[in-house]
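Take a look at the structure set out below.
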There are 2 protein chains.
Amino acid sequence: MVYYRSMATAETAAAAGASELDRVFGALSDPTRRRIVSRLSHGEATLTELAEPFDLTMPGLSKHVSVLEDAGIVHKWRVGRSRYCRLIPERLQEADEWIQTQTAFWNQRLDGLQNYLEGEDQ
Amino acid sequence: MVYYRSMATAETAAAAGASELDRVFGALSDPTRRRIVSRLSHGEATLTELAEPFDLTMPGLSKHVSVLEDAGIVHKWRVGRSRYCRLIPERLQEADEWIQTQTAFWNQRLDGLQNYLEGEDQ
DNA sequence: GGTTTAGTAAACCATATGGTATACTATCGA
DNA sequence: TCGATAGTATACCATATGGTTTACTAAACC
């Protein structure tokens with residue numbers, strides 16, 4: 001089941017120099033943007049709906065959403081004069097996998113160390 | 001069907017300064033620091049060992065490691081005139097869990113939508 | 001003791017970031 | 001058509017960031 005395609009934002013963002021993971025982690029490093037992601041994880045929303053819980057001007061909110069869009073975390077489209085947003089989980093999952101890979105290596109190494117200390121490795 | 005409610009979750013805890021997740025995600029948003037984490041996921045290293053693959057001055061490398069340290073991702077200690085670093089996986093796993101929570105909510109919602117479309121929900 | 005090695009501290013620079021205000025475009029409703 | 005609504009564009013500001021160079025401290029080696 002395909003929920004979206006094409007991702008025009010990924011191309012424009014790639015031209016800007018920073019890598020995909022740079023932008024994803026960078027986007028998540030701001031608490032306002034994490035709250036936006038949290039909100040969107042529960043369903044689509046317009047920009048004004050997103051702005052509501054924040055003490056932020058519309059241009060400010062709009063810029064945050066653009067950062068999420070450039071990171072490929074959020075897809076935005078137009079309905080009348082409103083802009084709707086929804087989450088794109090794939091990029092988030094790539095970031096997730098990167099972290100898991102690192103911690104897996106580390107834990108594997110610790111397991112090896114423990115085996116060694118227990119003499120099971122010799 | 002209600003897709004979300006309120007979301008005053010962990011944000012109240014992050015009242016002052018940069019929160020833990022801010023620093024963890026911010027630390028991972030730089031490619032040099034991700035390479036350092038990758039290196040450390042395979043085992044401890046001194047700062048000079050860490051610096052070796054990079055085209056970076058020592059002060060530059062040292063500052064990157066400090067960022068990882070402030071984020072709680074890396075522990076640093078002294079042996080003679082060397083500084084050793086090792087990974088602290090716990091903070092990384094917290095970041096991991098945050099992402100998983102968001103994508104889980106989203107996928108859950110999509111499952112609900114699919115059930116609805118297949119008529120299993122009525 | 002003197003020199004090299006490992007790293008930190010401080011000052012500095014260019015650019016990025018998060019925020020604002022103001023002006024603008026486009027759509028909806030009366 | 002006219003005004004309100006939804007959002008973008010642009011310009012601007014203060015601070016943060018990634019990087020440098022130049023000192024400096026502390027341990028190791030001869």
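Note that the structure is a prediction, hence the values are computed from the model and not measured. Below, read A as the first sequence line, B as the second, and so on, with proteins coming before strands; counting in each chain starts at 1.
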Residue met sooner reading DNA chain C from 5', once A:Gly80 and A:Thr32 are mapped to nucleotides
A:Thr32

Give a yes/no on whether any side-chain N or O of A:Thr48 is located under 4.0 angstrom from OP1 or OP2 of D:dT5.
no

Taking only the side-chain heavy atoms of B:Thr46 (C-beta and beyond), determine which of D:dT20, C:dG7, D:dT8 contains the nearest atom.
C:dG7

May I ask you to say what B:Gly60 touches in the nucleic acid, namely base, sugar-phosphate or nothing, with a heavy-atom cut-off under 4.0 Å?
base

Interatomic spacing from CG in A:Leu61 to CD1 in A:Ile36 - rounded to 0.5 Å
5.0 Å

May I ask you to verify if any side-chain N or O of A:Lys76 is less than 4.0 angstrom from the OP1 or OP2 atom of D:dA6?
no

Looking only at side-chain N and O atoms, does B:Arg81 come under 4.0 Å of OP1 or OP2 in C:dT4?
no

Separation of C:dT17 atom P from A:Phe25 atom CZ, nearest Å, is 16 Å

Could you tell me the separation between the CG atom of B:Leu47 and the P atom of D:dA27, rounded to a whole number of Å?
16 Å

Rounding to a whole Å, what distance do you find between B:Arg78:CZ and C:dT5:C1'?
13 Å

Picking from C:dT5, D:dT20, D:dG7, the nucleotide nearest the side-chain atoms of B:Leu56 would be D:dT20

Once you apply a heavy-atom cut-off of 4.0 Å, does B:Thr57 come out as touching a base, just sugar-phosphate, or nothing?
base

Proximal nucleotide (of D:dA27, D:dA9, C:dA6) relative to the B:Ser82 side chain
C:dA6

Would A:Glu69 and A:Lys76 count as a salt bridge (charged side-chain N to carboxylate O under 4.0 Å, His left out) here? Give the steps.
CA-CA 7 Å; A:Glu69 213 183 354; A:Lys76 193 168 59 173; 3.4 Å; yes

Side-chain H-bond candidate by donor/acceptor type, B:Arg86 with B:His75, under 3.5 Å
no

Any side-chain N or O of B:His64 less than 4.0 Å from the OP1 or OP2 oxygen of D:dT17?
no

Output for pair (B:Glu97 CD, B:Leu92 CG), nearest 0.5 Å, gives 11.0 Å

So does A:Ser62 get a side-chain nitrogen or oxygen closer than 4.0 Å to the phosphate oxygens (OP1/OP2) of D:dT8?
yes

Nucleotide D:dA9, atom C1' - distance to CG of A:Leu61 in whole Å:
16 Å

Could you state the atom-to-atom distance from NZ of A:Lys63 to P of C:dT22 in whole Å?
16 Å

With a 4.0 Å limit, can you tell me whether A:Arg33 has a side-chain N or O closer than that to the phosphate oxygens OP1/OP2 of C:dG18?
yes

Do the ring planes of B:His42 and A:Phe105 sit parallel (below 30°), tilted (30 to 60°) or perpendicular (above 60°)?
tilted

Just how far, in rounded Å, is P of D:dT20 from CE of B:Met58?
12 Å

Rounded interatomic separation in angstrom, taking CD1 from B:Ile36 and C1' from D:dG18:
12 Å

Given atom CG of B:Leu50 and atom P of C:dG7, what is their separation to the nearest angstrom?
9 Å

